[in-house]
Amino acid sequence: MTVDLDQLWKSFNPSKTLDYSKDEDRKRYINFSSFRNSAIENLRDTILFQPDVPTCQFLSGHIGCGKTTEQLRLKFHLEQEGFQVVYFESSAHLDIVDADIPEIYLSIVDQIVDSLNFLDVNIPEELQQLFCEAYEIIRKQVEIALEENVPGMGRVLSDIEQGRC
């Protein structure tokens, strides 16, 4: 029997996150829920039990233990249930070494707005108000130079300024 080392490496590469929504990655997924105390199932059940009640949940673990893989699996299952999930990797949108709270918050807002725009959904008035309040707080704390330093923030800030607030 010959071992395809390239395929073996792809299967065990710890720096590659498995995306549960992809058939190829789903084949490689090993369910460790009995060892992980079913953390993702507990998160999913909490969300599904009362979907209209906001929750705040925290998932932590050592580097490479499968947090991102499990989060993507949770995203997949929630989307199967009809939820719109906003998921983004902070390292793809922020300079993690030099990110501060306003930049993180604005990046999250940007991802939510992009997700709602993609679905062609009007942003609910309550959410618009939250964005406006956050913008006012951030505007007072951060120089306008932030607009040039955070990718996509110029659009979010100008959208908010142009009649949304």
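Quick note: numbers below take in every heavy atom, side chains included, and nothing from hydrogens, waters or symmetry partners. Numbers here simply count residues along the sequence, with the first being 1. Everything quoted here is computed from the prediction, not taken from an experiment.
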May I have the list of side-chain donor-acceptor pairs in residues 77-86 shorter than 3.5 Å, sequence neighbours left out?
residue	atom	partner	partner atom	Å
Glu79	OE1	Lys75	NZ	3.3
Glu79	OE2	Lys75	NZ	2.8
Gln84	NE2	Ser115	OG	2.6

Exercise for the section: Could you tell me whether Glu70 and Arg44 make a salt bridge, using a distance below 4.0 angstrom between a side-chain N and a carboxylate O? Expected result: no

Handout entry: Those residues that, when tested against Asp45, pass salt bridge (Lys or Arg N to Asp or Glu O under 4.0 Å) (two or more places apart)
Key = none

Of all residues at least two apart in sequence or in a different chain, which pass the side-chain hydrogen bond (donor to acceptor under 3.5 Å, both in side chains) check with [X]?
| X | result |
| --- | --- |
| Thr55 | Gln57 |
| Glu125 | none |
| Gln71 | none |
| Ser21 | Asp19 |

How long is the span from the [atom1] atom in [X] to the [atom2] atom in [Y], to the nearest 0.5 Å?
| X | Y | atom1 | atom2 | result |
| --- | --- | --- | --- | --- |
| Leu48 | Leu43 | CG | CG | 11.0 Å |
| Leu59 | Leu74 | CG | CG | 9.0 Å |
| Thr69 | Lys67 | OG1 | NZ | 9.5 Å |

